[in-house]
Amino acid sequence: MDYLKGLNEAQYEAVTALEGPLMVLAGAGSGKTRVLTMRIAHLITNLVDPFNILALTFTNKAAKEMKIRIAKVVGDSEARSLWMGTFHSVFARILRSEAHFLGFPSNFTIYDSQDSLNVIRKVLKELNIDADLYKPKKVQARISNYKNNLITVKAYFNNPELIEADERANMKQIGLIYQKYVDVCFRNGAMDFDDLLLKTNELLTRFPEILAKYQDRFRYILVDEYQDTNHSQYLIVKALASKFENICVVGDDAQSIYSFRGANILNILNFKKDYPDAKTVSLEQNYRSTQNIVNAANVVISKNVQQFKKNVFSENEKGEKIKVYRSLSDADEANFVASNIWEMHNSAQRKFTDFAILYRTNSQTRAFEDALRRKNIPYRVYGGLSFYQRKEVKDLIAYLRLLVNENDSEALTRIINYPARGIGETTQNKLIVFADSQNISVTQVLDNLGFYAPRMSLNNGILTKLSDFWSMIKAFQVMLKTENVYSVTMEVAKRSGLIKFLKDDQTPEGISRVENVQELMNSMQGFLEEQIQLDDGDASLSNFLENIALSADTQTDKNDDDTDKVSLMTIHLSKGLEFPIVHLVGLEENLFPSFMSSSTREEVEEERRLFYVALTRAEKQAFFTYAISRFQWGKITDAEPSRFLSEVDAQYLEFINPAIESRFVNHSGITSNIFDDLPSEPRFYKKKEEKKTLQRDEPVAIPQNLKPVATARIINPSGNSSQDIEVGDKVRHDRFGVGEVIFLDGTDAQNIKAKVKFQHEGMKNLILKFAKLTKI
DNA sequence: AGGCTCCGGGTTTTT
DNA sequence: CCCGGAGCCT
C-alpha cells in the first residue's frame with residue numbers, strides 16, 4: 001500500500017476511514033484531490049467494486065483531472081468502471097435510462113442556457129408579455145432558482161408566499177411563464193440544466209424501486225466541493241446515501257463561490273446535523289504555497305463573518321512578497337503581465353505553463369491575448385464562449401439534435417430555413433398556428449404534409465420546399481441507423497447546404513467559421529474513435545450531443561495539451577488548479593468585487609472567497625495588478641483599487657511601480673517599444689460624437705489617489721517628433737479642439753494620463769499615447 | 001424572401 | 001464593446 005505513505009495524519013485518516021459518513025474540511029492546497037484519489041484507490045484495494053463507487057465533482061475539469069489521477073493509481077480499467085463526473089453528466093446518464101418513468105423520451109435534448117433563454121423569449125411573446133418588464137435573463141434566473149429548490153410549477157401555485165413575493169417584485173406573471181416554459185420543454189422532449197437535477201429528484205422520490213436500485217449500486221459516494229452543492233444536489237446525494245451512509249464529502253467553506261447559481265453553504269455547515277455520527281477531518285496544512293501567500297490569503301478571508309474556524313498554515317519557504325503593479329489602463333496592465341512573463345521565462349527559466357493569468361470576467365481576456373500575441377508568447381484561454389456555442393457550430397448541431405429528437409422545436413426553427421431555402425417567417429408562422437389549432441406539433445404536420453396541406457393555404461412552391469426539407473431530415477435519420485455519426489454529420493453538412501453556404505463567405509470571419517465546422521467534425525471523429533475503443537462505448541449521436549451539451553470547457557484541440565502555454569481563465573474556472581506563478585489582474589472596485597455583487601455583505605463575502613481561491617492557486621509567486629482606468633463597455637472608465645488589496649496586510653505586499661523620476665531616466669529605452677503598439681485609430685473616440693453628456697464647467701478636482709507628474713512627453717500626430725508638455729500648457733486634439741492641461745499622472749512613461757479641459761468639450765481624461773496632442 | 005443597416009440595450013461567475 | 005431586433009431596401 002505504497003500510496004498511503006507520505007500522507008500526514010489527517011490525510012491518512014480521511015483516506016482510510018472507509019465506512020460511514022465523513023466530512024473532510026480541506027483548506028486550500030491541503031491535498032484534497034490527493035485524499036479523494038487515494039481514498040478511491042483504498043476502497044478498491046479493500047475489494048470494493050469500482051462499480052459501486054460514485055464520485056461527483058462540479059466541473060468537467062475537476063472530473064477529468066481526478067480520473068487521470070485515479071487511473072494512475074488503480075489502473076485504467078478499474079478507473080473506468082467507477083462512476084465519476086459532474087452532477088449534471090452523471091444524472092443525465094441516469095435519466096436517459098429512466099426517462100420513460102417521467103414521460104420523457106430517452107433521447108431527450110439537453111438545453112443549454114442559451115436554448116432555454118430562447119424558449120423563454122418565445123414564451124413571453126406567445127403570452128404577449130412585455131419583455132422589457134420581464135427581462136428574459138431575470139425570468140430565467142427566477143425559474144432556475146425555483147427548480148434548484150425543488151419548487152415545481154405545481155408547488156409554486158400552491159405556495160401563496162411565493163406568489164405574493166413575485167407580486168411584490170412586480171413579477172406576478174412569473175408563475176404563468178414558468179408553467180408555459182415547462183410545458184414547452186416537455187413538448188420538445190427537452191430538459192434544461194436544472195431539470196437534470198430536478199427530474200432526478202422526482203425520479204428518486206416518486207419511484208422507490210428506482211431509488212433502491214441506485215442506492216444499492218452506489219454504496220460508496222464521494223462528493224467533491226461539497227460547499228458548492230445546491231439544494232437539489234444536496235437532496236439527491238442525501239437520498240442516494242441514506243441506505244449505506246457511506247458518504248464522504250470534501251469541501252472548504254472558504255472556497256464556496258457558486259451561490260449565484262444556488263449553492264448553499266449550509267449544506268456543508270449542517271453536515272453534522274444530517275449525519276450525527278459523522279467523522280470530521282480537517283486538513284489544515286497547505287503544501288502548495290509559500291507562507292507569504294498562505295498568510296496573505298488568510299488575512300483576507302478572516303474578514304468574512306460566515307465561516308468555520310480553521311488554521312491553514314504552510315511550512316514551505318517563506319517566499320517572496322506579492323508584487324503589486326498599478327497600471328494606467330487595461331492595455332498597460334496586459335503589457336506589464338506579458339513582459340513580466342516574458343522576462344521570467346527568459347531569466348528565471350520558467351516554462352510558460354508555470355504561469356496563469358486569472359481574472360474576474362471573461363471580457364478581460366482580450367487585452368491579455370493581444371499583449372501575449374504581440375510578444376509571441378503562447379497561451380491558451382480556458383472557458384469563455386465555448387466552441388460549441390458558436391453560431392455555425394450550433395447550427396450544425398441543431399440539425400443533429402433534430403435527427404435525434406424531432407420534437408426539438410428549438411432546433412427545428414433554427415435550421416428549417418438555414419441556409420435559406422425559401423421557408424420564410426410567414427410560412428413558419430402558418431405552420432405553428434396551424435399545428436397549435438390542431439393541437440399537434442409542427443413535426444406531426446411535417447410528417448403528414450400531404451394530409452394537412454390543403455387546410456393551410458400554402459402554395460405549391462412552398463409545399464415542395466417543405467417536403468424536400470423534411471424528406472432530407474428523414475433521409476438523415478435513416479442513414480443514422482446504419483452509418484456512423486461522423487459520416488452522417490458529414491452528409492448533413494453537405495446536403496443541408498451549410499458547408500457551401502459558409503464557404504461562399506471568403507471573409508476572414510467566414511473562413512474561420514468553416515474551420516470551426518471542420519473542428520467539430522474532428523472532435524466528432526475523436527469521439528468516435530474513443531468510444532469504439534471502450535468496451536462499453538456508446539458511439540451514438542445522442543451520446544455525442546450529451547457530451548458536448550454538458551461540457552463548457554472546450555477540449556477540442558487535443559494535441560494542444562502538452563505544449564508549453566500560459567493559462568488564461570476566470571477565477572471560477574481556476575478552482576482546484578495550481579500554478580507556480582499567478583497573475584491576479586483587474587483588482588478594481590466594481591470589477592472585483594463585481595459591481596453586481598457589492599451591495600450586501602453576503603455578496604461581498606462571496607467575492608472575497610473568490611479572491612481567496614485566486615490567491616491560493618499560486619505556489620511560488622503572485623502578482624496583483626489593477627488599472628486606474630479601463631476600456632469597458634465601449635468607453636474608458638475610471639477605476640479605483642479593489643478593497644481586497646487593502647485587506648491584504650501590507651507586510652505581504654511589495655509595490656513595484658517604478659518611482660516617478662526613474663521613468664525619465666530610462667525614457668529612451670522604453671520608448672522604442674511603446675509606440676509600436678499604438679492602434680492606428682484611437683479606439684475609444686470612435687462614434688462618440690453624438691452622445692455628449694459632458695459637463696462643460698465641471699470643477700477641477702485633482703483625484704486623491706493619483707500622483708501628479710510634472711511633465712510628460714507626447715508624440716505629435718504629424719510624425720515622430722516629440723515634445724514635453726506640462727500642466728498649464730495649451731494643447732490641440734484632433735476631435736476635441738483646443739484645451740488646457742489640468743493634470744498629468746503616470747507611473748511609467750508609456751502610459752501617462754492627462755486631464756485636459758477643452759474649450760468646447762469640457763473635461764476629458766486622455767491617455768497620452770493614444771490622444772496625439774499637439775502643444776500650441 | 002432575404003439581406004442589410006441602424007438602433008438600443010446589456011453587459012459575472014458555470015453546468 | 002457585443003448582441004439581437006426592427007425596419008427598410010432589393
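Labels below follow one simple rule: chain letters A, B, ... track the order of the sequence lines, proteins then strands, and each chain is numbered from 1. Computed from heavy atoms alone, side chains included, the values below leave out hydrogens, waters and symmetry copies.
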[X] has an atom [atom1]; how far is it from atom [atom2] of [N], in whole Å?
X      : N      : atom1 : atom2 : value
A:I257 : B:dT14 : CD1   : P     : 9 Å
A:Q140 : B:dT14 : CD    : C1'   : 12 Å
A:K135 : B:dG9  : NZ    : P     : 9 Å
A:K575 : B:dT15 : NZ    : P     : 11 Å
A:D224 : B:dT15 : CG    : P     : 14 Å
A:H88  : B:dT14 : NE2   : C1'   : 9 Å
A:F595 : B:dT11 : CZ    : P     : 8 Å
A:R121 : C:dA6  : CZ    : P     : 11 Å

To the side chain of [X], which of [options] is closest?
X      : options               : value
A:R360 : C:dC1, B:dT12, B:dG10 : B:dT12
A:M596 : B:dT12, C:dC2, C:dG5  : B:dT12
A:N362 : B:dT13, C:dC1, B:dT12 : B:dT13

I'd like to know if A:D370 and A:R373 make a salt bridge, using a cut-off of under 4.0 Å between side-chain N and carboxylate O.
yes

Residues A:E369, A:R366: salt bridge by 4.0 Å N-O rule:
no

For C:dG4, does either OP1 or OP2 sit under 4.0 Å from a side-chain N or O belonging to A:N118?
no

Taking only N and O in the side chain of A:T570, is any of them less than 4.0 Å away from OP1 or OP2 of B:dT14?
yes

Detail all sub-3.5 Å separations between protein N/O atoms and N/O atoms belonging to nucleotides 1-4 of chain B.
residue, atom, partner, partner atom, Å
B:dA1, OP1, A:T427, OG1, 2.4
B:dA1, OP2, A:T426, OG1, 3.1
B:dG2, OP1, A:G422, N, 2.8
B:dG2, OP2, A:N417, ND2, 2.6

Under the side-chain contact (heavy atoms from CB on, under 4.5 Å) test, residues paired with A:K394 that sit two or more places apart
A:D112, A:Q114, A:D115, A:R414

Side-chain heavy atoms of A:L577 within contact of A:M569, under 4.5 Å:
yes

Toward the 5' end of DNA chain B, which comes first, A:D194 or A:K137, by nearest nucleotide?
A:K137

Is it the case that the side chains of A:S113 and A:Q140 hold a donor-acceptor pair, with the cut-off being a distance below 3.5 Å and no angle test?
no

Polar contact flag, side-chain donor to acceptor under 3.5 angstrom, A:N188-A:S409:
yes

Kindly state whether the pair A:F260 / B:dT13 counts as stacked, where counting means centroids closer than 5.5 Å and planes tilted less than 30° apart.
yes

Under 4.0 Å, counting only non-hydrogen atoms across every strand here, what does A:F87 touch: a base, just sugar-phosphate, or nothing?
nothing

Using only modelled atom types and a 3.5 angstrom limit, is any donor from either the side chain of A:R261 or the base of B:dT15 paired with an acceptor on the other?
no

With distance as the sole criterion, do the side chain of A:S594 and the base of B:dT13 form a donor-acceptor contact below 3.5 Å?
no

A:A63 to A:G85 - nearest heavy-atom pair and separation
CB-CA, 4.0 Å

ring-ring contact (aromatic ring centres under 6.0 Å, His included) pairs, two or more places apart, involving residues 119-144 of chain A:
none

